[in-house]
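What follows is one structure encoded as structure tokens, with my remarks underneath.
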Amino acid sequence: MLSNADVAAKLLEIRTLMEMAGMSFYKYMAFEKAAASVENAPPLRDIAAAGELTKLPSIGKSIAVVITQLLERGGADALDELYAIFPPTIVEVLGVSGIGAKTAASLWSDFQIGSLADLEAAIEGEVFAGVPRMGPKTIENWKRGILAYKGRQRRMPLARALRIAHEAMDYLRAGPAHDRLVYAGSARRQEVTVGDIDLVCTASDAAAITAYFAKWERARAVLAEGATKTSIWLDDGFQIDLRVLPDHLYGNLLQHFTGSREHNIKLREYAVRKSLRVSENGILNLETGDAITCADEPGVYEALGMAYIPPELRTGLDEIDRALAGTLPALLDARDLRGDFHMHCTWSDGRDSLEAMIAAAKARGYDYHAISDHSWGRGRTYGLDPEKLREQRALVEELSARVGMRTFCASEVDILPDGAMDFDDDVLAQLDVVIASVHSAFNIGREAMTARIIRACENPFVTIIGHPTGRMLGSFPGYDFDHDAVFAAAARTGTALEIDGQAQRLDLPAPLARRAKELGVTFTVDSDAHGVEDLTEIELGVGQARRAGLTKEDVLNTRSYEDVRAFISRKRGRA
DNA sequence: GCCGTTTTCGGCCCGACTGTTTTCAGTCG
């Protein structure tokens, strides 16, 4: 069964092949919009099973049929028809930077080049000598594009992209004078993976900065260098785009380069209906000729007569309608967090000592936190048995009193394959907080996994379900279970669901968290830190919570210590 | 192909940079 991301990729492939085939601009753009909608939707299999695909934005009858076919057989009639015109390997040619639909189409029709190997052979054989619009510079660009295509890793995890963005900004800060400098694009929107980094800068002498950026020693290639814009590739083909404009345009510039593409298209379509033309250069009133420039980003949305839309919500789905109606949620802010329920120390698989973790939680200004080392199951050597747990409790009480920190004695307890917990209830009862997580037996089947997690929710001592889907970015999509059934059980039993901020997890994923919120679930946002320096990863969790539209009220660890205690007691009292 | 506060037809975002173009098409975001 294809994942949402797989379906979105197929829709984009159809979109590009349609463009190559010379089909109507608006027809293939519809597939592009549909792809964006699919990426932000809950799992398609559930929606398709309910017959509700056309309720998703930008999905009509025709594309719903395509999606259904993709889900059922991994392919679609529309795609097969296009494969009758172009070979499937032509996507390789399209993947080369600098080759778009028009060029790929003519390479196929004029030279029968339908794969990367064909293209390399043609360049090697100097087939393009003397061909119009295929001069030496163009061919050199293609060669570079081929190298990048081969070496490129597709999209990188958010945390790594943010590190690179900060390195690039550090370099820029050491260069010519500028006013403001920030990262924008998908990183600012807190997308789980980032395809390239967009940097936004304001300065009076833009050209000095774009030229300086092109000289960065880490730039393997300079793709474009103009008066206001520079694009570079790093060693691994990862791209950074820098755009520089005067400071009075900062709001317009930041809004433009934060995207998403679909958000901007919809925003501009709305603006056009009000005779306004929106771009990074300002907002032009087409009737009066007046230009509005915005020194700050909220000014852009204000000028369009709508509420400010936080970057994490700029998906191109329904956020503009909600901004116009004034029904956008007041999103969770990192400063709302009063604690962190999920962290490990050297008593299990953490890197820093118990004392160091407690001190670090105190240093972050938390009112409370939990030490939640692993339970003893799975034959692992580092988990704590009940005896060790008692020892740890004594030490936690001593250390936290000394530091002046309210530390919950907790454990991340394995949910066994049958849904029982790795500790007996009398052990669980002695813990302040219990995080129940699946760490083994991922492939027991959808029904068994659903029953397993629901049984964990029904245990009165379980406070939180940890990283509920088990996904690992880039390596494991998560185990299969009936999301709605589990979310309903969590809501019914007063069990919180975690948004785990660990860089490889970011779990719950935002579309699922949005669904869980609809079903009345309470959440926690945690770091799942295995060392002091990981505690900041709770901010990645906040990003995902914001993408899900969660507010302060939805999140348990924004509440006071006493209210957290009450939440836990309430569930235990139901037993 | 999708959609609707001009609603079932007629409209659909905007601009920078490149190469080779003597005025602009293609690509990209």
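Just so it is clear, the structure is predicted and the values come from calculations on it, not from any experiment. Numbered from 1 within each chain, the chains take letters A, B, ... in sequence-line order.
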Pairs flagged by salt bridge (Lys or Arg N to Asp or Glu O under 4.0 Å) wherever residues 247-258 of chain A is involved - sequence neighbours left out
A:Arg180-A:Asp247
On the nucleotide [N], are OP1 or OP2 found under 4.0 Å from the side-chain N or O atoms that [X] carries?
X	N	result
A:Asn141	B:dT18	no
A:Thr138	B:dT20	yes
A:Gln239	B:dG29	yes

Which of residues 107-128 of chain A have a heavy atom under 4.0 Å from DNA chain B?
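Within this stretch, nothing sits under 4.0 Å of the strand.
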Between [atom2] on [N] and [atom1] on [X], what's the gap in Å once rounded to a whole number?
X	N	atom1	atom2	result
A:Trp142	B:dT20	CH2	C1'	14 Å
A:Ile139	B:dT18	CD1	C1'	14 Å
A:Leu242	B:dA16	CG	P	15 Å
A:Arg15	B:dC2	CZ	C1'	16 Å
A:Met23	B:dG1	CE	C1'	10 Å

Nucleotide N/O to protein N/O under 3.5 Å, stretch nucleotides 6-9 of chain B:
none

Looking at [X] and [Y], does any basic side-chain N land under 4.0 Å from a carboxylate oxygen?
X	Y	answer
A:Glu518	A:Arg515	yes
A:Arg189	A:Glu319	no
A:Arg446	A:Asp46	yes
A:Glu19	A:Arg15	yes

So what does [X] touch, heavy atoms closer than 4.0 Å: a base, only the sugar-phosphate, or nothing?
X	value
A:Lys27	base
A:Ala227	sugar-phosphate
A:Ile59	sugar-phosphate
A:Ile265	base
A:Lys266	nothing
A:Ser231	nothing
A:Pro57	sugar-phosphate
A:Glu32	nothing

Would A:Phe25 and A:Tyr28 count as a ring-ring contact (aromatic ring centres under 6.0 Å, His included) if you check the C-alpha gap in whole Å, the side-chain angles of each, and the deciding distance to 0.1 Å?
CA-CA 6 Å; A:Phe25 174 84; A:Tyr28 65 71; 5.5 Å; yes
Scan the side chains in residues 94-104 of chain A for donor-acceptor partners under 3.5 Å anywhere in the protein, sequence neighbours excluded, and list what turns up.
none

Under 3.5 Å, is there a donor on one side chain and an acceptor on the other for A:Glu553 and A:Thr551?
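Side chains of A:Glu553 and A:Thr551: pair found under 3.5 Å.
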Test item: side-chain donor near acceptor, A:Asn141 and A:Arg144, under 3.5 Å:
yes
5'-most by nearest nucleotide on DNA chain B - A:Val272 or A:Asp198
A:Val272
Taking the nucleotide of DNA chain B with the closest heavy atom to each, which residue, A:Ala64 or A:Met29, is nearer the 5' end?
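Looking at DNA chain B, the more 5' nearest nucleotide goes with A:Ala64.
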Might you confirm whether atom CZ of A:Arg322 has over 12 heavy atoms from other residues, nucleotides or ligands at distances under 6.0 Å?
yes
When you compare the ring of A:Tyr26 with the six-membered ring of B:dC2's base, are the centres less than 5.5 Å apart and the planes under 30° from each other?
no
Could you work out which one of [options] sits closest to the side chain of [X]?
X	options	answer
A:Lys137	B:dG19, B:dT18, B:dC13	B:dG19
A:Asn281	B:dC2, B:dA16, B:dC13	B:dA16
A:Arg277	B:dG29, B:dC13, B:dG15	B:dG15
A:Ile63	B:dG19, B:dC17, B:dC2	B:dC2

Just name whichever nucleotide pairs with B:dT8, Watson-Crick or G-U, keeping both distances under 3.5 Å, else none.
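Pairing partner: none.
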Polar atom pairs between nucleotides 25-27 of chain B and protein, under 3.5 Å, N or O only, would you list them?
{"residue": "B:dG26", "atom": "O3'", "partner": "A:Thr103", "partner atom": "OG1", "Å": "3.3"}
{"residue": "B:dT27", "atom": "OP1", "partner": "A:Gly100", "partner atom": "N", "Å": "2.8"}
{"residue": "B:dT27", "atom": "OP1", "partner": "A:Gly100", "partner atom": "O", "Å": "3.3"}
{"residue": "B:dT27", "atom": "OP1", "partner": "A:Thr103", "partner atom": "N", "Å": "2.9"}
{"residue": "B:dT27", "atom": "OP1", "partner": "A:Thr103", "partner atom": "OG1", "Å": "2.3"}
{"residue": "B:dT27", "atom": "OP2", "partner": "A:Lys102", "partner atom": "N", "Å": "3.2"}

Would the distance check show the side chain of A:Tyr171 and the main-chain N or O of A:Tyr212 forming a donor-acceptor pair, the cut-off being under 3.5 Å?
yes
Pairs of donor and acceptor atoms involving the side chains of residues 280-287 of chain A, under 3.5 Å and at least two apart or interchain, shall be tabulated with distances.
{"residue": "A:Glu280", "atom": "OE2", "partner": "A:Arg243", "partner atom": "NH1", "Å": "3.0"}
{"residue": "A:Asn285", "atom": "OD1", "partner": "A:Glu287", "partner atom": "N", "Å": "2.9"}
{"residue": "A:Asn285", "atom": "OD1", "partner": "A:Thr288", "partner atom": "N", "Å": "3.2"}
{"residue": "A:Glu287", "atom": "OE2", "partner": "A:Ser275", "partner atom": "OG", "Å": "3.2"}

Angle between ring planes, A:Trp216 versus A:Phe213, binned at 30° and 60°: parallel, tilted or perpendicular?
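If you compare the ring of A:Trp216 with that of A:Phe213, the planes turn out parallel.
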